[in-house]
Amino acid sequence: MDIEAMIRRRKRQDDESRLVGAYEPLSPATHVEEPTDRGRLLEAMLDHVDPVFDGHLPPHGYLYGPKGAGKSAVVTALFSQLERQTVNPDTDIYTTTRVRPARLLRFVYVDTRRHTSEFAFFHALLDAITDEAVPRHGISTETLRSRLHRQLDATGAGILLAVDHVGEPVSAPADALVDRFSALPSSVSWLAVGRTDPAETVLTDYTAAAIRVDPYRHHVLVDLLLRRAASALDSGALDEDAAVTIADWAGGDAHDALAALFVATDRAARADRQTITDRDIAAAFQAVPPDCVALGRVFALPENKQTVLRALVDLDPAERESVTVATAAVADLTDLAEGTIKRYLYELADVGIVDRVQAPEDGESGRPPSRLEPKFPPTVFRRLYDIERES
DNA sequence: GATCCACGGGAATACACGGATG
DNA sequence: CATCCGTGTATTCCCGTGGATC
């Protein structure tokens with residue numbers, strides 16, 4: 001039994017119903033330390049990184065698969081584990097394995113959602129392997145790069161670098177990534193992680209291995225839901241049938257499954273109920289849009305874009321009937337300029353985080369407006385956004 | 001003084017429509 | 001009839017400025 005989860009559940013002292021201990025474990029945007037039942041993928045990953053146990057770097061690689069298949073979950077868990085054992089050599093992998101390392105290896109994870117620009121990319125990388133903080137201002141990208149080279153030359157260390165969420169609308173285009181990679185020292189081996197088929201991306205021109213991730217199998221996803229529910233909810237709140245229903249609906253996508261569970265939970269909690277009913281679940285399915293965008297993408301947006309979205313999800317449908325109207329309404333709720341809000345809304349639509357649905361032509365003069373539809377479940381965003389800011 | 005980037009603003013372009021024009 | 005034009009709205013594109021920090 002997970003003691004931490006049990007304690008967390010007991011610690012609820014909020015006004016909320018007793019149903020929910022903490023929402024975070026239900027968040028589709030956070031990963032757990034020990035991803036459940038991704039044994040196959042973990043094996044494949046370990047095969048790939050195997051040379052590190054002898055102190056060598058594996059060749060560049062590409063990990064790919066659909067949304068919600070556990071790519072990020074496994075990569076972040078594995079990398080933090082490996083890095084922890086490097087930095088904290090008590091429970092050393094080296095002592096338990098064959099030979100002493102040829103050299104020090106570091107394991108760095110960079111999310112291109114959060115570190116999009118070239119500057120941000122190198123900053124994140126350098127910052128991860130440096131003790132003292134790396135300046136964010138007054139320093140050029142070029143300086144950053146040369147510091148990275150110097151640092152690695154000096155220590156003789158090698159880096160295995162995971163670069164997550166490549167090929168998404170907001171992150172740098174693949175050819176720009178190739179440029180960045182080629183600017184890395186030879187003592188860095190990278191593992192790109194994305195959804196694009198290996199045949200469709202230039203990245204695989206540089207990799208020796210492409211590792212494929214399949215969607216969660218049905219019963220594995222059921223397990224995952226039950227486990228997350230166990231760490232967030234009172235026991236019995238989610239029965240197995242309900243988990244099966246959600247897993248069926250989600251079709252192997254853990255993100256959407258968790259999003260639905262989250263919405264259903266929220267609905268039950270609002271009604272002050274102790275268990276999640278079929279109607280909660282049915283309602284949740286309605287609330288998760290088709291082709292739902294990953295909430296991780298939403299929460300990786302710059303602060304003020306999130307502010308705009310936070311206001312947007314509180315608007316009446318009537319206030320979302322056109323970009324112009326929504327802009328004015330959001331301006332009332334925030335202190336951003338209308339010009340900025342409008343541009344943000346168009347940019348968010350451009351990257352698929354909100355959808356612009358063109359109104360039918362209705363005889364009015366001028367180009368018809370378009371309605372704004374969030375492509376993520378508003379409830380989940382609202383709740384997690386508010387939780388994050390209140391503390 | 002240098003650097004990056006968020007913000008703000010505005011110009012240019014696209015689209016829809018009705019009416020005028022050739 | 002096909003095309004062009006004017007008006008009104010929506011959308012895209014671009015760039016200068018300034019904040020924050022070194």
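Predicted model, so just to flag it, every value in this text is computed and none were measured.
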Heavy-atom closest contact ([X] atom, [Y] atom, distance):
X: A/K71; Y: A/Y64; value: CD-C, 3.9 Å
X: A/A174; Y: A/L203; value: O-CD2, 4.4 Å
X: A/M45; Y: A/L191; value: CE-CD2, 3.6 Å
X: A/P28; Y: A/L295; value: CG-CD1, 3.6 Å

A/R367 versus A/Q358, side-chain donor and acceptor atoms under 3.5 Å: no
Rounded to whole Å, the CZ-C1' distance (A/R114 to B/dC5) equals 17 Å
B/dA6 C1' sits how many Å from A/D335 CG, rounded?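 The distance from CG of A/D335 to C1' of B/dA6 comes to 14 Å, rounded to the nearest Å.
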Do the numbers put A/R136 on top of the ring of A/F119, so that NZ or CZ is under 6.0 Å from the six-membered ring centre and no more than 45° off the axis?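 The answer is no, since A/R136 fails at least one limit relative to A/F119.
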Give, ordered by number, those residues of [range] having at least one heavy-atom distance below 4.0 Å to an atom of DNA chain C; if nothing qualifies, reply none.
range: residues 322-331 of chain A; answer: A/V323, A/T324
range: residues 117-137 of chain A; answer: A/P135, A/H137
range: residues 163-183 of chain A; answer: none

Sugar-phosphate, base or nothing in reach of A/S140, heavy atoms under 4.0 Å: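 Touches sugar-phosphate only.
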Nearest-nucleotide comparison on DNA chain C, the residue closer to the 5′ end among A/G366 and A/S370: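 Comparing both residues, the 5'-ward one is A/G366.
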Once side chain to side chain donor-acceptor pair (under 3.5 Å) is applied, do any residues pair with [X], and if so which ones, sequence neighbours excluded?
X: A/D239; result: none
X: A/D127; result: none
X: A/R297; result: none
X: A/S72; result: A/D164, A/H165

Do [X] and [Y] sit within salt-bridge range, that is, some charged N less than 4.0 Å from a carboxylate O?
X: A/R145; Y: A/E118; result: yes
X: A/D214; Y: A/R40; result: no
X: A/R270; Y: A/D272; result: no
X: A/D314; Y: A/R310; result: yes

Aromatic plane relationship, A/W190 with A/Y206 - under 30° parallel, 30 to 60° tilted, over 60° perpendicular: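 Ring orientation of A/Y206 relative to A/W190: tilted.
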Would you call the rings of A/F381 and A/F376 parallel, tilted or perpendicular, taking 30° and 60° as the class edges? perpendicular
Between side-chain atoms of residues 335-346 of chain A and protein atoms elsewhere (two or more places apart, or another chain), which donor-acceptor pairs fall under 3.5 Å?
unit_1, atom_1, unit_2, atom_2, d
A/R343, NH1, A/E347, OE2, 2.9

Within one Ile-Leu-Val-Met-Phe-Trp-Tyr cluster: A/V49 and A/L125, side-chain cutoff 4.5 Å: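 A/V49 and A/L125: separate clusters.
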Within residues 341-349 of chain A, find the residues that approach DNA chain B with a heavy atom at under 4.0 Å, and present them sorted by residue number.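 Of all residues in residues 341-349 of chain A, the ones placing a heavy atom under 4.0 Å from DNA chain B are A/R343, A/Y344.
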Give me the distances for all protein-to-nucleotides 11-14 of chain B N/O pairs that come in under 3.5 Å?
unit_1, atom_1, unit_2, atom_2, d
B/dA14, N3, A/R367, NH1, 3.1

Distance under 4.0 Å to a non-hydrogen atom of chain A counts as contact; along DNA chain C, which nucleotides mark the start and end?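 Endpoints of the contacted stretch of DNA chain C: C/dG8 to C/dC22.
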In A/V163, A/L161, A/V188, the residue satisfying side chain to side chain contact (heavy atoms under 4.5 Å, CB included) with A/V108 is A/L161
Can you list every stem that DNA chain C is part of, counting only runs of 3 or more consecutive Watson-Crick or G-U wobble pairs with both distances under 3.5 Å?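 DNA chain C stems, ordered by first number: B:1-22 with C:1-22.
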Chi angles and distances behind the side chain to side chain contact (heavy atoms under 4.5 Å, CB included) call for A/F299, A/Q306: CA-CA 7 Å; A/F299 286 111; A/Q306 292 191 50; 3.5 Å; yes
